[in-house]
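Here the structure comes first, spelled out in C-alpha cells, and everything after it is commentary.
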Amino acid sequence: MAPTSYQAPMRGDKADKKTVSQSTESNLASTTSTVAKLLEQKGDAVYAVRPQDTVHHAVTVLRDKRIGALLVTDQNGDMQGILSERDIVRKLAETPGQTLPQQVDGLMTREVTTCAPADALETILRKMTDGKFRHMPVLDDGKLCGMITIGDVVNFRLNELEYESLRMKQMIVG
C-alpha cells in the first residue's frame, strides 16, 4: 500500500475538534489547598513521647529534633495530648529547679485541636491563629498521620502565591 500524501484541508471538510490541556481558566482556577497537599511536601514524620517520660527527656528530644512540640502517645500510638515549649516554660515558672524530673503527663495539654487531611489550609490557619497555638496533629479516621505547624501552613501558602504570581507574569508576557 502506497503512503498517503498530505492534502490541505478544503472548504466543507469537517474541522477536527481542538483539544487544549490547559486554559487561562484552568491555570488561574482557585483550588483549595489542603492539609494532605501540605503533608505530601512536608512528610508525615511525627515525634512523640510517652506520658510517663520525664520532661528532661522531652526537652532533649525537642532540642535534638529542633522542633517546638511533641505529641504524647500511648504504647499503641494513640494520642494522649501534646507537649509544647510553651507548656514547659509555664511549668518552669511554677516549679523552678524542679521541672525536668517531672513526668510529661503533668504538663501536657490534654484537649488538643486536631485536623484531617481533607481540611482546607485557610481554615486551619484561622483555627491556629484564633486558638493561639502553633502545632496541630493530623488525624485520618482517628489515626495519627502527621503534624503541621503554623509555619508550615504559612510557608506552603507563600510558595503557592509565588507560583501563582509567576504564572500570571508568564501569561502576560507570553
Side-chain angles (χ1 to χ4, degrees), residues 29-168:
S30 177
T31 59
T32 304
S33 300
T34 62
V35 171
K37 290 180 184 175
L38 189 155
L39 287 177
E40 284 175 19
Q41 287 186 359
K42 177 187 178 182
D44 59 0
V46 174
Y47 299 103
V49 292
R50 300 266 189 264
Q52 66 276 12
D53 287 341
T54 64
V55 174
H56 180 269
H57 172 70
V59 168
T60 302
V61 175
L62 289 169
R63 180 200 64 204
D64 292 349
K65 299 299 181 185
R66 301 176 56 103
I67 55 176
L70 291 164
L71 291 178
V72 182
T73 59
D74 63 15
Q75 64 277 6
N76 299 323
D78 293 328
M79 188 175 60
Q80 304 298 303
I82 191 168
L83 180 69
S84 70
E85 293 169 324
R86 195 175 287 169
D87 295 326
I88 296 167
V89 168
R90 286 186 183 126
K91 196 63 163 181
L92 283 168
E94 292 171 11
T95 58
Q98 302 167 10
T99 306
L100 293 179
Q102 293 181 38
Q103 288 187 337
V104 166
D105 192 17
L107 281 78
M108 70 182 191
T109 300
R110 294 175 191 281
E111 298 296 319
V112 182
T113 302
T114 63
C115 62
D119 289 346
L121 289 181
E122 288 180 22
T123 304
I124 299 308
L125 190 56
R126 176 60 49 211
K127 280 184 182 180
M128 290 174 138
T129 302
D130 291 347
K132 294 185 169 80
F133 56 88
R134 299 180 311 234
H135 301 84
M136 188 180 282
V138 183
L139 299 178
D140 192 7
D141 289 329
K143 289 292 181 191
L144 194 56
C145 65
M147 171 103 101
I148 60 173
T149 69
I150 198 163
D152 296 332
V153 177
V154 169
N155 188 46
F156 186 88
R157 188 64 187 128
L158 283 174
N159 286 337
E160 280 188 328
L161 290 171
E162 287 174 3
Y163 176 75
E164 289 171 19
S165 174
L166 179 63
R167 294 292 301 144
M168 292 286 288

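Residue numbers count from 1 along this sequence.
Evaluation of the salt bridge (charged side-chain N to carboxylate O under 4.0 Å, His left out) rule for Lys42 yields Asp152 as partners, not counting sequence neighbours. In this structure, the salt bridge (charged side-chain N to carboxylate O under 4.0 Å, His left out) partners of Glu94, at least two apart in sequence or on a different chain, are Lys91.
To the nearest 0.5 angstrom, Ser33 atom OG is 3.0 Å from Glu160 atom CD. With rounding to the nearest 0.5 angstrom, the CD1 atom of Ile67 is 10.5 Å from the OG1 atom of Thr149. Residue Leu70 holds its CG atom at 9.0 Å from NE2 of His135, rounded to the nearest 0.5 Å. Here the CD1-CD1 distance, from Ile124 to Ile150, works out to 11.0 Å after rounding to the nearest 0.5 Å. Distance CG/Leu161 to CZ/Phe156: 11.0 Å, rounded to 0.5 Å.
Cys145 and Leu39 make their closest contact through O-CD1, 4.1 Å (heavy atoms, listed as atom of the first residue, atom of the second, distance). Annotation for Cys115 and Ile148: closest pair SG-CD1, 4.0 Å, computed over non-hydrogen atoms. Pairing each heavy atom of Gly81 with each of Met108, the nearest pair is CA-SD, 4.2 Å. Nearest heavy atoms, Lys132 versus Arg86: O-NH1, 2.8 Å. Shortest non-hydrogen contact noted between Leu107 and Ile88 is CD2-CA, 4.0 Å.
For the pair Val138/Pro117, a side-chain contact is recorded, criterion being any heavy-atom separation below 4.5 Å from C-beta on. Residues Leu139 and Leu144 have side chains in contact (heavy-atom distance under 4.5 Å, counting atoms from C-beta outward).
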Step-by-step side-chain contact (heavy atoms from CB on, under 4.5 Å) determination, Val153 to Arg157: CA-CA 6 Å; Val153 177; Arg157 188 64 187 128; 5.5 Å; no
Chi angles and distances behind the side-chain contact (heavy atoms from CB on, under 4.5 Å) call for Val35, Met136: CA-CA 11 Å; Val35 171; Met136 188 180 282; over 6 Å; no
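The salt bridge (charged side-chain N to carboxylate O under 4.0 Å, His left out) analysis of residues 119-131, with sequence neighbours excluded, yields the pairs Arg126-Asp130. Counting only residues at least two apart or in different chains, salt bridge (charged side-chain N to carboxylate O under 4.0 Å, His left out) contacts with residues 134-151 comprise Asp78-Lys143, Glu85-Arg134. Pairs passing the side-chain hydrogen bond (donor to acceptor under 3.5 Å, both in side chains) check and including a residue from residues 49-60, sequence neighbours excluded, read Arg50-Thr73. The side-chain hydrogen bond (donor to acceptor under 3.5 Å, both in side chains) pairs that include a residue from residues 101-118 are Asp87-Thr109, Thr95-Gln102, Asp105-Arg110, where partners are two or more places apart or lie in different chains.
Checked against Gln80 for a side-chain contact (heavy atoms from CB on, under 4.5 Å), the options Asp74, Val49, Val104 give a single hit: Asp74.
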